[in-house]
Number of protein chains: 2
Amino acid sequence: MPVEMQSTLEPRKTPVQARSTVTVEAIAEAAIQVLLSHGVERLTTTRVAERAGVSVGTLYQYYPNKQALLFAVLEAHLDKVTALLSRACEESHGLPIKAMVKHVIEAFVDAKMERTDVSMALYKIAAELGGVKVVRSVGERSHRTIEQMLMTVPGVQFEDVKFTARMMMATMAGTTRNVLEAGATPALVKGLRKHLVLLCQSYLQSCNAHAV
Amino acid sequence: MPVEMQSTLEPRKTPVQARSTVTVEAIAEAAIQVLLSHGVERLTTTRVAERAGVSVGTLYQYYPNKQALLFAVLEAHLDKVTALLSRACEESHGLPIKAMVKHVIEAFVDAKMERTDVSMALYKIAAELGGVKVVRSVGERSHRTIEQMLMTVPGVQFEDVKFTARMMMATMAGTTRNVLEAGATPALVKGLRKHLVLLCQSYLQSCNAHAV
DNA sequence: TCCAAACCTGAAGCTTCCTTCATAAACCTG
DNA sequence: CAGGTTTATGAAGGAAGCTTCAGGTTTGGA
């Protein structure tokens, strides 16, 4: 039987004054830093608060519990990446397939690489209790977006758009993750940007039911 | 500063009699079950022992600490998958590229899907303290294996074998993971098997420096 | 200036968990 | 079956973490 979620994940109180807004952001940022320097297992609310320069009590004023804090951080990042991906999809509506793929892939890689530290830290949260659920729900939105985009390609008819979109997403996410976990050196990132485009272009080409 | 490993991860005692061999295996299996039903965060040594039908003390007789237990389980699985992958690579030495890819990919997918529960449970461990390290070191072995295999393809010359091998591996791992986390239904697995082959075939083809 | 609301503090309660060890049972060999 | 070895037990020590709350400080408007 899967574990049940914490009862409340909603923020306990929303910032009103400017200082508390700063505090809330500092806490979220601190969570990422602690995640990176100590690992999930040793991420404690006290340590996060300390790193953020506030007391534990303050943390609990805005996040009902530890899990809610982690989820909030995860969700913020996923939302951001998803938004950038969606925008790239819209922008490439009607483009020929090769250009479309290039545009979307590069947008994705850039979004993920903008803050490599955050991306890496979040893989750890995602593996936690229920984290998979969050990832999956955001993933589904992106999935639909890509699927729709693929359907607008002029002169191309895919055999199974749904699955093709899934493979493309999984490939993007998987290879990017691999590079991130290998250290995300500039050389690697550059290689990823180029090869991932090539990879998806050739895949989509060969999935096209219409002749070559 | 990254977290340091536990001092000892080596087994404290190796089974001599038959009953203890059974016990050790039961404990490892129980760890997987608990991981799946309760999540990493709620995996406790007591719970694992209970599930295995032994007392905590027994667990500590063979595993020096909790982390060692988790690592042992992770490593066993990775070794198994790696071995199967290597074998597939050797078997396809000299084959034309399309056949080679098909053989290797299918071996990998089958290895991962043989026990979907284990594969899924281990993603959680891998995210833990140092787990990334274990995965990376095993991954490097596979990387070299695949790289060498790619170099034996008759009539094909890759521009950057090293990176190409990396992309291929990351894609295999990434898409397989995606399907696993989506529930690994027979339909999905079937689709993965087919599309992943197609994906890698077309990618490798387009990486080939020798014309089409 | 004054006050209510917003914000912050951090010691302490409570729970959970890891790990040990003294003791007991099971096994095996001669 | 006797003695030594291997294996199993589980209560309890001790450490660590999550969360609360009673009381203090700061802010911003009237």
Side-chain angles (χ1 to χ4, degrees), chain A residues 3-28 30-31 34-35 37-73 125 128-130, chain B residues 3-28 30-31 34-35 37-72 125 128-129:
Chain A
V3 197
E4 58 193 314
M5 285 248 217
Q6 213 83 13
S7 47
T8 324
L9 273 79
E10 293 311 302
R12 179 164 292 177
K13 191 199 277 187
T14 19
V16 175
Q17 301 175 4
R19 59 178 167 153
S20 60
T21 307
V22 172
T23 300
V24 171
E25 268 159 28
I27 293 173
V34 172
L35 213 43
S37 58
H38 295 252
V40 224
E41 197 140 281
R42 304 231 293 221
L43 179 148
T44 73
T45 48
T46 312
R47 238 192 286 265
V48 170
E50 193 183 15
R51 173 104 200 195
V54 299
S55 82
V56 227
T58 301
L59 189 156
Y60 279 91
Q61 207 133 41
Y62 301 102
Y63 300 96
N65 50 55
K66 184 180 160 183
Q67 208 187 41
L69 165 63
L70 296 181
F71 274 32
V73 172
I125 298 181
E128 283 296 284
L129 256 334
Chain B
V3 197
E4 58 193 315
M5 286 251 219
Q6 211 84 15
S7 47
T8 324
L9 271 77
E10 294 310 304
R12 178 165 293 176
K13 190 200 280 187
T14 20
V16 175
Q17 301 175 4
R19 57 178 169 154
S20 60
T21 307
V22 173
T23 300
V24 172
E25 268 160 29
I27 292 172
V34 172
L35 212 44
S37 58
H38 297 253
V40 225
E41 198 140 280
R42 306 228 293 223
L43 180 148
T44 74
T45 48
T46 311
R47 238 192 286 265
V48 170
E50 193 182 14
R51 173 105 199 192
V54 298
S55 83
V56 227
T58 300
L59 189 157
Y60 279 92
Q61 206 133 39
Y62 301 101
Y63 299 96
N65 50 55
K66 184 181 158 183
Q67 210 187 40
L69 165 63
L70 296 182
F71 274 33
I125 298 181
E128 284 296 285
L129 255 336

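Hydrogens, waters and symmetry mates are skipped; everything else that's a heavy atom, side chains included, is used. Just so we're clear, the structure is a prediction, and the values are computed from it rather than from any experiment.
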Go through the steps to decide whether Val34(B) and Glu50(B) satisfy the test side-chain contact (heavy atoms from CB on, under 4.5 Å), and finish with yes or no.
CA-CA 10 Å; Val34(B) 172; Glu50(B) 193 182 14; over 6 Å; no
Does any part of the side chain of Glu25(B), heavy atoms only, come nearer than 4.5 Å to the side chain of Thr21(B), both counted from C-beta?
yes
Atom pair distance, as rounded to whole Å: OH in Tyr63(A) and P in dC18(D)
16 Å
Rounded to the nearest Å, what distance is computed from the CD atom of residue Gln67(A) to the P atom of nucleotide dG17(D)?
18 Å
Could you tell me the separation between the CZ atom of Arg42(B) and the P atom of dC18(C), rounded to a whole number of Å?
13 Å
Worked check of side-chain contact (heavy atoms from CB on, under 4.5 Å) between Val40(A) and Val40(B)
CA-CA 10 Å; Val40(A) 224; Val40(B) 225; over 6 Å; no
Could I get the full list of side chain to side chain contact (heavy atoms under 4.5 Å, CB included) partners for Val73(A), not counting sequence neighbours?
Ala28(A), Ala31(A), Ile32(A), Leu69(A), Leu122(A)
Starting from P on dC18(C), measure out to CG on Leu69(B) and report it in whole angstrom.
10 Å
Sugar-phosphate means primed atoms, P, OP1 and OP2; the rest is base. With that split, encode nucleotides 4-12 of chain D 5' to 3' as B, S or - using protein heavy atoms under 4.0 Å.
--BBBBB--
Length of the line joining Arg12(A):CZ and dA6(C):C1', which is rounded to integer Å:
16 Å
Length of the CG-P vector between Leu70(A) and dT19(D), whole Å
10 Å
With sequence neighbours excluded, what pairs up with Ser55(B) under the side chain to side chain contact (heavy atoms under 4.5 Å, CB included) test?
Thr58(B)
Compare every heavy atom of Arg12(B) with every heavy atom of Gln61(B), then report the nearest pair and how far apart it is.
O-CB, 3.5 Å
Which distance, rounded to the nearest 0.5 Å, do you find between the CG of Leu59(A) and the OG1 of Thr23(A)?
10.5 Å
Within less than 4.0 Å of OP1 or OP2 of dC18(C), is there a side-chain N or O belonging to Thr45(B)?
yes
Based on the rotation axes of five pairs at each end, what angle does the helix from dT1(C)-dA30(D) to dG30(C)-dC1(D) bend through, to 10°?
20°
Roughly how many Å is it from NZ in Lys66(A) to P in dT16(C), rounded to a whole number?
15 Å
Go through the structure and list residues passing side chain to side chain donor-acceptor pair (under 3.5 Å) with Arg19(B), not counting sequence neighbours.
Gln17(B)
When you check the phosphate oxygens OP1 and OP2 of dT20(D), does a side-chain N or O of Tyr60(A) lie under 4.0 Å from one of them?
no
Ala52(B) meets the side chain to side chain contact (heavy atoms under 4.5 Å, CB included) criterion, sequence neighbours left out, with Ala26(B), Ile27(B), Ala30(B), Val54(B)
